There are 2 protein chains.
Amino acid sequence: MDCSDFNITVVGLGLIGGSLAMAISKKIKTKQLWGVDIDRDALDLAMASGIINKGFTDSKEPLQESDLVFVCIYPKAAVKFIRENMRHFKTGAIVTDVTGLKGLIFREISPILRDDIDFIGGHPMAGNEFQGIQFASEKIFKGADYIMTPSAKSKRANVSLLKDLLFKIGFANVVEMGPEQHDDMVAFTSHLPHIMALSLVLNPMIENTSIYTGGSFRDVTRVARINGDLWTELLLENASYVVKHLDIFLSNLQEFKKAILGNDSVSLRELFSKAQKLKEELDLNADSPGKFKKQGLSGVYQARHN
Amino acid sequence: MDCSDFNITVVGLGLIGGSLAMAISKKIKTKQLWGVDIDRDALDLAMASGIINKGFTDSKEPLQESDLVFVCIYPKAAVKFIRENMRHFKTGAIVTDVTGLKGLIFREISPILRDDIDFIGGHPMAGNEFQGIQFASEKIFKGADYIMTPSAKSKRANVSLLKDLLFKIGFANVVEMGPEQHDDMVAFTSHLPHIMALSLVLNPMIENTSIYTGGSFRDVTRVARINGDLWTELLLENASYVVKHLDIFLSNLQEFKKAILGNDSVSLRELFSKAQKLKEELDLNADSPGKFKKQGLSGVYQARHN
């Protein structure tokens with residue numbers, strides 16, 4: 001079973017939705033590939049560049065004929081969209097999303113989900129700091145991870161069909177986990193690092209000094225350019241896990257401060273070696289440490305200042 | 001005036017010293033290029049690979065004949081070396097260092113500096129997370145910044161000679177500033193980001209979960225592998241500036257925590273937009289924002305998860 005007799009609809013042709021449509025149009029055999037967006041220009045651009053067969057501002061028509069639907073809009077909007085279109089989905093359709101919060105979607109959708117619809121939460125660990133279909137590229141998925149949060153009700157055949165499609169469009173790992181486990185993990189691996197980047201640049205020194213930065217500073221601040229609408233949702237909807245990991249981080253920083261103020265080289269070295277061990281463990285357990293190189297970081301060693 | 005009639009000695013053939021000797025041997029015309037190290041093997045490797053003319057474990061002989069000396073060892077060791085070798089330096093010699101702390105060196109060396117020696121502090125904003133001459137490469141300097149902290153006594157001719165050499169070996173910017181201004185800046189741009197990386201990985205989640213990381217997490221944790229000896233010195237010797245910037249960072253994190261706990265999207269957006277403005281200012285004022293691309297970060301957008 002594959003998608004060759006499927007109509008696929010991508011809802012929301014932004015960076016991820018546009019890239020997804022581009023990847024599917026290039027690598028997956030389907031019947032029809034449709035796009036839904038409130039922005040006519042995005043649909044026109046997608047059609048002009050041949051990544052969708054047809055674009056719709058009204059979702060009803062394409063959804064009624066779609067066997068697989070990717071909802072690629074913000075978390076709360078995705079919940080709203082799926083709820084409002086519940087009656088439009090085709091019987092037996094697979095509906096999935098790409099939002100960075102899986103608990104919210106799961107809690108909101110499960111109670112209202114039709115029995116003949118298979119909702120499988122998804123989160124591509126891919127993207128960049130840009131927005132909009134004009135930055136879309138199927139390359140952003142190459143070698144990336146995809147977290148999938150199927151429900152107990154999800155059909156295994158549907159899960160494997162979706163996995164198969166994701167591997168074909170370039171993902172290196174497709175991992176299943178629970179929605180809560182996912183939200184706990186991304187609070188630590190993504191939400192906190194973004195708060196760190198923002199908190200670092202919120203320093204008056206930037207205004208009154210010309211700063212000569214090394215690699216470590218560029219690394220941390222790269223993601224300080226964020227999409228405020230999306231990130232307000234992500235941080236507030238994932239508040240409990242974000243604050244949990246923020247508190248762990250805060251107490252670690254206090255440990256460093258205490259050691260530095262106390263001129264305590266022994267405690268400092270203990271913190272260093274504990275961190276080294278965990279970092280090594282992280283690199284070992286990492287789904288694909290090879291990515292460090294794949295992503296060309298070896299090229300970044302150049303002119304690094306550590 | 002150039003270095004063609006100079007004997008140059010590099011003290012400490014580690015990553016920086018080794019790379020410096022390699023770059024000078026390839027790109028600068030000199031009389032002799034010597035290396036000093038306590039590690040005979042490092043000297044032998046440097047000679048075998050033809051990056052120095054001769055290696056010495058005893059510094060006296062080469063220093064007496066050297067017109068330019070690069071001291072490429074840890075801050076306190078550099079102070080100790082320059083103090084103990086003060087009587088050995090050749091009259092009129094230019095002595096410089098490459099340590100990440102300029103206030104310490106300046107305070108310790110100034111009072112004991114011979115009038116016929118020109119000490120010019122230096123800090124190449126280059127390197128990588130490796131140690132030792134076996135990782136040496138002149139490429140690490142390409143496009144990097146070099147901070148120079150000449151004293152009021154420094155001869156301009158010597159400063160320009162050193163600048164000229166640094167440009168020839170690949171540095172894109174050579175900037176003069178005061179030792180204190182330098183230490184304040186690196187506390188913010190390097191020391192704090194390293195503390196952040198270490199504090200992030202000090203999280204039990206790493207031990208009991210398999211983590212699927214995106215680009216933002218890899219960025220921040222890349223530098224969590226550090227040289228404990230060096231970093232104990234850097235953080236403790238630069239304690240006041242490090243704690244100053246750590247405190248600013250801590251209070252920003254508390255602002256985020258407060259906004260998240262209070263489900264306060266208004267404050268969150270204010271923090272976002274303030275940070276965006278500063279980040280843009282930073283990128284504009286950055287000595288060479290082009291570096292972001294030069295360093296191949298555009299390649300890293302691939303499979304980014306923000």
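The model shown is predicted, which means the values in this text are computed figures rather than measured ones. In the text below, chain A, chain B and the rest are named by the order of the sequence lines, each starting its count at 1.
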Measure distances from B:L271 to the heavy atoms of chain A and classify the residue's part below 4.5 Å as side chain, backbone, both or neither. both
Toward chain A, the part of B:L268 with a non-hydrogen atom under 4.5 Å: side chain
Contacts of A:K76 meeting salt bridge (Lys or Arg N to Asp or Glu O under 4.0 Å) (sequence neighbours excluded), chain-then-number -> A:E237
Does the side chain of A:Y212 come within less than 4.5 Å of B:T189's, by heavy atoms? no
Specify which of B:E233, B:K277, B:Q254, B:H245 makes the most heavy-atom pairs with chain A at under 4.5 Å. B:H245
Tell me whether B:D219 is salt-bridged to A:R218, with the criterion being a basic N under 4.0 Å from an acidic carboxylate O. no
Side chain, backbone, both or neither: which part of B:L198 has a non-hydrogen atom closer than 4.5 Å to chain A? both
Working for side chain to side chain contact (heavy atoms under 4.5 Å, CB included), residues B:F272 and A:D229: CA-CA 10 Å; B:F272 287 161; A:D229 300 324; over 6 Å; no
So, do A:V223 and B:F217 sit near enough that their side-chain heavy atoms are less than 4.5 Å apart? no
Which one wins on heavy-atom pair count under 4.5 Å against chain B: A:I226, A:L235, A:I147, A:D264? A:I226
Heavy-atom pair count under 4.5 Å with chain A, highest-scoring of B:L261, B:V220, B:D184: B:D184
Honestly, the part of B:N227 sitting under 4.5 Å from a heavy atom of chain A is neither
Atom NZ of A:K279 and atom CG of B:L200: how far apart are they, to the nearest 0.5 Å? 10.0 Å
Any side-chain heavy atom of A:V243 within less than 4.5 Å of one from B:F256? no
Side chains of B:I248 and A:M205: closer than 4.5 Å at any heavy-atom pair? no
Between A:S265, A:G228, A:S240, the one whose heavy-atom pairs under 4.5 Å with chain B are most numerous: A:G228
Just checking A:K258: does its NZ atom have more than 12 heavy atoms from other residues, nucleotides or ligands closer to it than 6.0 angstrom? no
Options B:M196, B:E255, B:K274, ranked by heavy-atom pairs under 4.5 Å with chain A, top entry: B:M196
Return the set of residues passing side-chain hydrogen bond (donor to acceptor under 3.5 Å, both in side chains) with A:D247 (not counting sequence neighbours), or none when no residue passes. B:K257
Heavy-atom proximity to chain B below 4.5 Å, by part of A:L192: side chain
What pair of heavy atoms forms the shortest contact from B:L236 to A:A259, and how long is it? CD2-O, 4.0 Å
Please report the interatomic distance CG(A:L282) to CZ(B:R225), rounded to the nearest 0.5 Å. 9.5 Å
Flag side-chain contact, heavy atom, 4.5 Å: A:V201 against B:Q276: no
Closest-packed option against chain A by number of heavy-atom pairs under 4.5 Å, given B:G170, B:G262, B:P193, B:S137: B:P193
How many angstroms lie between atom CZ of B:R269 and atom OG1 of A:T232, to the nearest 0.5 angstrom? 4.0 Å
Checked B:A275, B:A239, B:S251, B:P204 vs chain A; the most non-hydrogen pairs under 4.5 Å come from B:A275
Is any side-chain heavy atom of B:F188 less than 4.5 Å from a side-chain heavy atom of A:I206? yes
Under 4.5 Å from any heavy atom of chain B - which part of A:L246: side chain
Taking side chain as C-beta onward, heavy atoms only, is B:L253 less than 4.5 Å from A:I195? yes
Is it the backbone or the side chain of A:M185 that comes under 4.5 Å from a heavy atom of chain B, or both, or neither? both
